[in-house]
Each structure stands twice: as structure tokens, then as C-alpha cells.
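The block underneath contains the structure these notes are about, expressed in C-alpha cells.
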Amino acid sequence: ELEQALNTYTADFPGFAALYLQDLTTGEEAKVDADVSFSGMSTLKIGIVAAVLQKLDGGIQADDPASHDVGVLIDYALGESNNHAANQLLRWLGDGDMGTGTQRFTEFMHSLGFVSTYMQSGYDIEVQLPQIPTPGNQRDDWDTNPDTNLQSTPAEMGRLLAAIYQCTLGKGIIIEKYGDTLTPDECETILFYMSHDEFQEMLWAGLPNAKAAWIVHKHGFAFESHSDVALIWGPTGPYVVSFFVYRAGWMDWATSNSRMKGVSRATWRFFEYKQEALGLQSPPAPLLAPPPGYDKIKAYIAVTSTGGE
């Protein structure tokens with residue numbers, strides 16, 4: 001029902017809109033053209049950080065200069081969406097070589113089943129390499145002119161964030177594949193750093209009481225595409241929304257932001273109706289704790305997901 005409603009709501013978008021949702025309580029999914037490839041944008045930084053923490057032995061530890069430096073880069077990459085910091089994380093992942101880092105990122109994503117996600121370079125690289133064929137970019141129905149160097153789909157980014165949440169509970173694909181090297185605490189670390197994304201428009205702004213909402217998200221911008229991927233604690237519990245939009249030539253801010261807010265609001269209202277109709281109760285939302293080696297790089301806005309810290 002939600003899928004049908006959102007398909008209708010996005011059908012008249014002046015360009016192309018695609019989205020993925022997952023109810024993390026039931027595992028049910030809603031998809032609208034969710035397997036089409038888009039430019040990866042800054043939303044790929046969620047996957048970069050997951051790959052980095054999978055490699056980093058023991059996570060962000062106290063009194064460990066090496067992991068401290070990685071933690072600072074993660075904070076800049078996810079909190080401020082800093083492309084230079086993300087490139088430095090790729091270099092770290094590649095033992096000093098960014099090309100090797102992008103390969104390891106791609107291998108990590110493919111190992112989780114995300115076969116339409118890849119990187120061939122870091123961010124802000126002018127040289128465009130030939131596109132790697134994937135299921136998402138070889139379709140004949142939609143073409144979003146994705147960046148040939150870094151790509152993903154709404155479904156794969158949404159499922160990645162869902163997998164990170166499931167990992168915090170000690171279950172799911174990440175635990176099955178990397179339970180010894182990417183632990184529930186380290187998955188919570190990813191969500192904690194995501195809580196530093198202070199951009200309160202797009203999916204965040206569509207929530208009925210945005211200032212009190214429990215949400216972590218990562219937004220992304222490219223010349224022709226915008227995206228936002230969020231984990232939200234809703235009326236019946238947690239859910240993931242992954243929304244990407246494209247318009248040839250230029251994706252203007254007012255158009256994309258308005259539709260993002262509308263999708264977020266409609267999704268929240270659906271779960272609100274479900275709660276009332278079925279008499280459901282949302283379990284208490286968790287408070288995200290910083291890793292032992294966390295070193296604050298700035299004063300972030302108070303958010304519900306970290307208890308206002």
C-alpha cells in the first residue's frame with residue numbers, strides 16, 4: 001500500500017525519482033524503481049566507513065593514535081560530508097593507495113551482495129573512467145547519467161544502512177560475513193558518526209516533529225542528482241528510507257527538497273496509521289554512544305539519537 005502511494009506521488013516528478021524503504025521491525029520492503037543506478041555521491045561514504053571499520057582492528061580505541069586519526073577522518077567524512085576526508089579514508093583502506101582503496105571498497109560491497117555499487121576513484125577526480133557494467137546501469141528503461149567513477153542504487157544504499165542497523169543487534173548479513181571484524185559496537189559507531197550530519201532538510205525536514213525526531217542520515221549532491229539515505233525511529237519502530245532524484249542538465253534544490261520532504265512525511269504518516277489501526281507500540285529508541293576513542297572535532301547540534309549530546 002505504501003509502495004503504491006509513493007509510486008503515485010513520485011510519478012509526476014519533473015525528472016526521475018526512485019526510492020527504497022524497509023520496515024526494520026518486519027523486514028518488509030517498498031520499492032519504486034529502486035534498482036536503477038545513480039551517481040554514488042556522498043551517500044557512498046556510509047559504505048566507505050563500514051569498509052574502513054571492517055579493516056580497523058578493534059574499532060576507534062582510546063589511547064591509540066592510529067585509530068584516533070581514522071575516527072577524526074570518519075567524523076569529517078560523515079558529519080561534514082568532507083570529500084578530502086573520504087579520500088583519505090580510501091587511501092587508508094588501500095594502505096596508502098587510493099586506487100587500491102576503491103577496489104577494496106567495491107569488493108566489500110560486493111561481498112554483501114551489493115553488485116551495482118562500485119568506486120573507481122575518490123571524490124572530486126576530474127578523469128572519468130569507462131563505466132563498469134552492473135545490473136543497475138545496464139537497464140533499458142531509465143538512465144540517470146551516473147558518474148562512471150562511483151555508482152550505487154537506492155535499494156543497495158538502503159539495504160546497506162538496514163544491514164548496519166541489524167548488525168548493531170548482532171544479526172544480519174554483516175554479522176554473517178564479518179562478525180569477527182565488524183562488530184555490533186563498530187556498527188553502532190557508524191550510526192553515531194552519521195548522527196553528526198547536521199543537514200536538517202530533505203528526509204529529515206519531512207518528519208512531523210523534526211527537532212525531536214530520532215534520525216541518522218547521509219545526504220548527497222551531484223550536478224544532476226540528489227540523494228538522502230536515513231534510518232528513522234518511527235511510530236512502529238525503526239525504518240530505512242533511501243531516496244534518489246535525477247534531472248538531466250541540473251537538479252535544482254527547491255524541487256528535490258520539496259519531494260524529499262513529501263516522501264518522508266507520507267512514510268511517517270503511513271506508519272502512524274499502522275500504529276493506530278493495529279494498536280502497535282514502538283519499542284524505545286536506542287541512544288547512540290561514541291566509541292571509546294572518540295575525540296570531538298566541533299560542537300554538534302543536539303540530536304535525539306544521541307540523547308541530546
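- To the nearest 0.5 Å, atom CD1 of residue I174 and atom OG of residue S111 are 9.0 Å apart.
- The two atoms that bring P184 and I175 nearest to each other are CD-CD1, 4.0 Å, heavy atoms only.
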Check the pair E201 / K261 against side chain to side chain contact (heavy atoms under 4.5 Å, CB included), numbers first and verdict last. CA-CA 8 Å; E201 291 295 329; K261 290 191 289 186; 4.2 Å; yes
Mind running side chain to side chain contact (heavy atoms under 4.5 Å, CB included) on M119 and L150 for me, showing each step along the way? CA-CA 4 Å; M119 296 188 77; L150 50 157; 4.1 Å; yes
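- In this structure, CZ in R139 is found 10.0 Å from OG1 in T134, a value given to the nearest 0.5 Å.
- Of the possible polar contacts, one joining the H226 side chain to the M251 backbone as a donor-acceptor pair under 3.5 Å is found.
- Contact between L6 and A266 at its shortest, heavy atoms only, is CD2-CB, 4.1 Å.
- Taken to the nearest 0.5 Å, the CD atom of Q151 stands 5.0 Å off from the OG atom of S37.
- In this structure, E28 contributes its side chain and D23 its backbone to no donor-acceptor pair below 3.5 Å.
- Side-chain contact between L56 and L53: present, with at least one pair of heavy atoms (C-beta onward) separated by less than 4.5 Å.
- Just one residue in the list I215, V240, I164 forms a side chain to side chain contact (heavy atoms under 4.5 Å, CB included) with L231, and that residue is V240.
- In the displayed structure, D12 atom CG is contacted under 6.0 Å by more than 12 heavy atoms of other residues, nucleotides or ligands.
- Contacts classified as ring pair (Phe, Tyr, Trp, His ring centres under 6.0 Å) and involving residues 88-121 (residues at least two apart or in different chains) are given here: F108-Y178.
- Within a 6.0 Å sphere centred on NZ of K274, other residues, nucleotides and ligands contribute more than 12 heavy atoms.
- A donor atom on one side chain and an acceptor atom on the other are not found under 3.5 Å apart for S305 and S195.
- Clustering ILVMFWY residues whenever any of their side-chain heavy atoms sit less than 4.5 angstrom apart, transitively, puts Y294 in a cluster other than the one holding L287.
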Derivation of the side chain to side chain contact (heavy atoms under 4.5 Å, CB included) call for D228 and W204: CA-CA 9 Å; D228 203 9; W204 195 338; 5.6 Å; no
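- In terms of hydrophobic clustering, with Ile, Leu, Val, Met, Phe, Trp and Tyr side chains grouped at heavy-atom distances under 4.5 Å, L169 and L160 are assigned to a common cluster.
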Go through R269 and E272 one step at a time and tell me if the salt bridge (Lys or Arg N to Asp or Glu O under 4.0 Å) criterion holds. CA-CA 5 Å; R269 295 301 185 198; E272 193 172 58; 2.9 Å; yes
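- The CG atom of L24 lies 8.0 Å from the CG atom of L161; values are rounded to the nearest 0.5 Å.
- For Q4, the CD atom counts as loosely surrounded, since its 6.0 Å shell holds 12 or fewer non-hydrogen atoms of other residues, nucleotides or ligands.
- Between the side chains of N149 and S121, at least one donor N or O lies within less than 3.5 Å of an accepting N or O.
- A side-chain donor-acceptor contact under 3.5 Å links E3 to the backbone of K31.
- Under the 4.5 Å side-chain heavy-atom criterion for ILVMFWY residues, a single connected hydrophobic cluster contains both I297 and V216.
- A donor and an acceptor atom, one from each side chain of E29 and Y20, are located under 3.5 Å apart.
- Side-chain contact check for S116 versus D35: every heavy-atom pair is 4.5 Å or farther apart.
- Between P14 and R259, the shortest heavy-atom contact is CD-NH2, 4.3 Å.
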Between I301 and Q200, does a side chain to side chain contact (heavy atoms under 4.5 Å, CB included) hold up when you go through it step by step? CA-CA 10 Å; I301 60 171; Q200 292 181 288; 3.7 Å; yes
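- Between M202 and H217, every side-chain heavy-atom pair lies at or beyond the 4.5 Å cut-off.
- The nearest pair of heavy atoms linking S67 to I60 is O-CD1, 3.6 Å.
- A cation-pi arrangement is absent between R247 and F13 under the rule of less than 6.0 angstrom and at most 45 degrees off the ring axis.
- Note that CG of N82 is 9.5 Å distant from OG of S42, once rounded to the nearest 0.5 Å.
- To the nearest 0.5 Å, atoms OG1 (T10) and CG (L19) are separated by 5.5 Å.
- Under the 4.5 Å side-chain heavy-atom criterion for ILVMFWY residues, no single connected hydrophobic cluster contains both L280 and Y239.
- Under a 4.5 Å side-chain heavy-atom cut-off, the cluster of Ile, Leu, Val, Met, Phe, Trp and Tyr residues that includes W250 is completed by F223.
- With hydrogens and angles ignored, the 3.5 Å screen pairs a side-chain donor or acceptor of T267 with a backbone N or O of V263.
- Residue F16 forms a ring pair (Phe, Tyr, Trp, His ring centres under 6.0 Å) with just one option from F243, F38, Y246, and that option is F38.
- Side-chain contact between P291 and F192: present, with at least one pair of heavy atoms (C-beta onward) separated by less than 4.5 Å.
- Taking the centre of each ring, F199 and W253 come in below the 6.0 Å mark.
- Taking 4.5 Å as the limit, some side-chain heavy atom of V70 sits within range of a side-chain heavy atom of I74.
- Looking at Q22, its side chain never comes within 3.5 Å of a backbone N or O of G158 through a donor-acceptor pair.
- Proximity of V241 to S264: side-chain heavy atoms (C-beta onward) are nowhere separated by under 4.5 Å.
- Remark: K45 is positioned above the aromatic ring of Y123, its terminal NZ or CZ atom under 6.0 angstrom from the ring centre and at most 45 degrees off the axis.
- You'll find the side chain of M109 stays beyond 4.5 Å of the side chain of E156, heavy atoms only.
- Using a 4.5 Å cut-off between side-chain heavy atoms of Ile, Leu, Val, Met, Phe, Trp and Tyr, with links allowed through other members, F244 and W142 fall into the same hydrophobic cluster.
- Side-chain atoms of T168 come within 3.5 Å of backbone N or O of Y165 as a donor-acceptor pair.
- Contact annotation: the side chain of S39 never approaches that of T144 to less than 4.5 Å [non-hydrogen atoms, C-beta and beyond].
- Considering every non-hydrogen atom in both K298 and K296, the closest pair reads O-CG, 2.7 Å.
- When all heavy atoms are compared, the tightest approach of I173 to A163 is CG2-CB, 3.7 Å.
- More than 12 heavy atoms of other residues, nucleotides or ligands lie within 6.0 Å of CG in D95, so this atom counts as buried by the packing criterion.
- A donor atom on one side chain and an acceptor atom on the other are found under 3.5 Å apart for T181 and Q54.
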